[in-house]
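Written out below as structure tokens is the structure these notes cover.
Model, not experiment: these values are computed from the prediction. Sequential numbering from 1 along the given sequence is applied to the chain's residues.
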Amino acid sequence: MEQLFGFEEIDKQLKEKFHYPINSDFSYRNIKSNDGQIVCTIYFISSIVDMNQLEDNLIEPLKQADSSAMKEYVITANHFNKVLTIEQATAELNKGSAIVLFRDGFFFASNAQKFAHRSVPKAENEPVIKGPKEAFVESASINKSLIRKRIRDENLIAETMEVGNRSKNEVTLMYIKDIVNEDILTQIREKIKAINVDNVQNINLLDQYLEERRYSLVPVNLYTERPDRAVAYIEEGHVVLLMDHTSGCLIAPMTFWAMMHTSEDHFMRFWYGNFSRFIRMIAFFIAIFTPAIYIALTNYHSEMIPPDLLLAIAATREKVPFPVIFEIIIMEIAFELLREAGLRIPNPIGPTIGIVGALILGQAAVDANIVSPIMVIVIAITGLSSFALSDVSLNYMIRMSRFLFTFAAASFGILGMVAVFLFALSYMASMKSYGVPYFSPVAPHYKSSNDTFFRKILTKETWRPGFLKPKDMKRKVAK
């Protein structure tokens with residue numbers, strides 16, 4: 001990049017780069033000295049700068065200074081950075097800075113950005129009964145502030161990188177310098193640097209670029225909208241990735257077990273938190289296997305069902321003209337339609353979905369002999385169990401895997417289910433997230449605080465996760 005001098009040349013290039021005057025967002029103000037001569041020009045993008053701040057801190061002080069004091073004011077003020085090239089000036093303008101260009105060719109950048117964002121809201125997708133209610137917003141600077149509010153440590157690093165050849169959005173990596181594993185950090189940096197695309201607008205798109213197995217159903221990065229959850233992982237040695245335009249963050253590396261946990265597990269008393277985890281584990285198996293087990297038992301292994309129950313099932317299905325697999329597919333698709341519609345429907349007519357769902361999936365479908373009453377119970381308990389798991393990616397994986405198990409059970413009974421289960425288990429055991437085995441610390445075994453399945457009393461959670469190989473393995477806990 002060649003260093004440029006000369007007001008006319010720089011002025012012309014800036015205007016050409018930002019397509020002035022077609023681009024009405026690009027603005028400039030000429031600043032005159034006391035003797036009426038134009039000494040400098042201020043360039044900015046009006047929609048992303050704070051005009052009040054610009055007037056108070058930049059334009060008015062320059063107007064009141066004489067021609068010799070103008071440059072002195074800019075050079076000595078601590079919120080100005082010298083800019084040497086057109087590329088740097090362009091990048092600063094895109095970030096919301098104002099560029100001050102003097103007639104002798106020197107130009108400086110002053111941060112005056114003001115991107116629109118909302119105030120800190122409540123967590124909507126990961127609510128808790130006990131614990132903080134704050135959630136991330138679409139501003140990375142506010143999200144960093146929410147994390148720093150909880151970790152007041154000089155070793156907490158917020159490292160910024162650019163991603164996207166055209167959008168040049170910033171990705172912020174947050175980690176604790178004297179805990180994080182440098183190898184994992186290097187892998188994350190290299191993966192971000194290797195992304196060679198025009199635009200990466202938010203963290204959800206970045207997540208897809210960072211994945212090694214992009215056709216896989218299994219998520220390898222954890223997405224959360226809760227600052228307290230992000231902080232808990234940073235303190236263990238994980239890396240948190242933040243971007244503007246996303247009301248959440250990515251946590252890497254990640255294991256399967258972490259997706260089963262929630263923030264509230266540790267906010268509640270020992271027994272309460274573990275009871276909640278136990279219920280979620282049961283919900284996980286119910287959500288995946290219930291339709292498959294039902295179809296396997298009724299079609300292939302009816303001898304395993306008590307005679308009275310078998311007769312009751314047969315009686316409820318007497319008037320249903322469809323095979324069991326067809327019943328399940330009808331009900332599953334209807335349930336997924338209701339769930340998808342429920343997400344998209346405007347809030348004022350949200351209760352309509354519940355009424356339609358209850359009428360269609362319940363009484364009307366049974367009365368029309370399209371499905372049996374017991375099938376309504378099977379699908380209802382399956383759908384209810386899937387809501388017990390808060391992680392969105394894990395939830396989708398379960399819903400889609402359920403169809404695989406159902407078709408396997410319809411084809412080969414329990415044997416088909418076992419075959420698919422073993423294949424899925426082997427596949428997931430082979431996966432890694434930035435070098436960390438997906439099933440660790442269970443397989444392979446690593447030293448950890450042993451809160452994989454059930455958490456311990458806080459004073460017993462001594463170790464950080466061994467699979468991360470943190471620099472400081474042992475926590476300081478009260479005795």
(request) Return the set of residues passing salt bridge (charged side-chain N to carboxylate O under 4.0 Å, His left out) with Lys177 (not counting sequence neighbours), or none when no residue passes. (result)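 Lys177 satisfies salt bridge (charged side-chain N to carboxylate O under 4.0 Å, His left out) with Glu182 only.
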(request) For Phe275, enumerate each residue passing the side chain to side chain contact (heavy atoms under 4.5 Å, CB included) test, keeping only those at least two apart in sequence or located in another chain. (result) Ile279
(message) According to side chain to side chain contact (heavy atoms under 4.5 Å, CB included), who are the partners of Lys122, at least two apart in sequence or on a separate chain?
(response) Lys133
(message) With salt bridge (Lys or Arg N to Asp or Glu O under 4.0 Å) as the rule and sequence neighbours excluded, what pairs involving residues 280-296 come up?
(response) Asp265-Arg280
(request) Could you list the residues that satisfy side-chain hydrogen bond (donor to acceptor under 3.5 Å, both in side chains) with Glu264, not counting sequence neighbours? (result) none
(request) Kindly write out the residues that satisfy side-chain hydrogen bond (donor to acceptor under 3.5 Å, both in side chains) with Ser110, not counting sequence neighbours, or none if the list is empty. (result)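 Once residues adjacent in sequence are excluded, the partners of Ser110 under the side-chain hydrogen bond (donor to acceptor under 3.5 Å, both in side chains) criterion are His79.
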(request) Scan for ring pair (Phe, Tyr, Trp, His ring centres under 6.0 Å) pairs involving residues 369-391, sequence neighbours excluded, and state none if there are none. (result) none
Return all side-chain donor-acceptor pairs below 3.5 angstrom for residues 230-245, not counting sequence neighbours, or 'none' if the list is empty.
from: Glu236; atom 1: OE2; to: Arg475; atom 2: NH2; distance (Å): 3.3
from: His238; atom 1: ND1; to: Pro253; atom 2: O; distance (Å): 2.7
from: Asp244; atom 1: OD1; to: Ala140; atom 2: N; distance (Å): 2.6

With sequence neighbours excluded, what pairs up with [X] under the ring-ring contact (aromatic ring centres under 6.0 Å, His included) test?
X	value
Tyr438	none
Phe453	Trp257
Phe267	none

Result block: side-chain N/O donor-acceptor pairs under 3.5 angstrom for residues 411-429, not counting sequence neighbours:
from: Ser411; atom 1: OG; to: Phe407; atom 2: O; distance (Å): 2.8
from: Ser426; atom 1: OG; to: Leu422; atom 2: O; distance (Å): 2.8
from: Tyr427; atom 1: OH; to: Ser216; atom 2: OG; distance (Å): 3.0

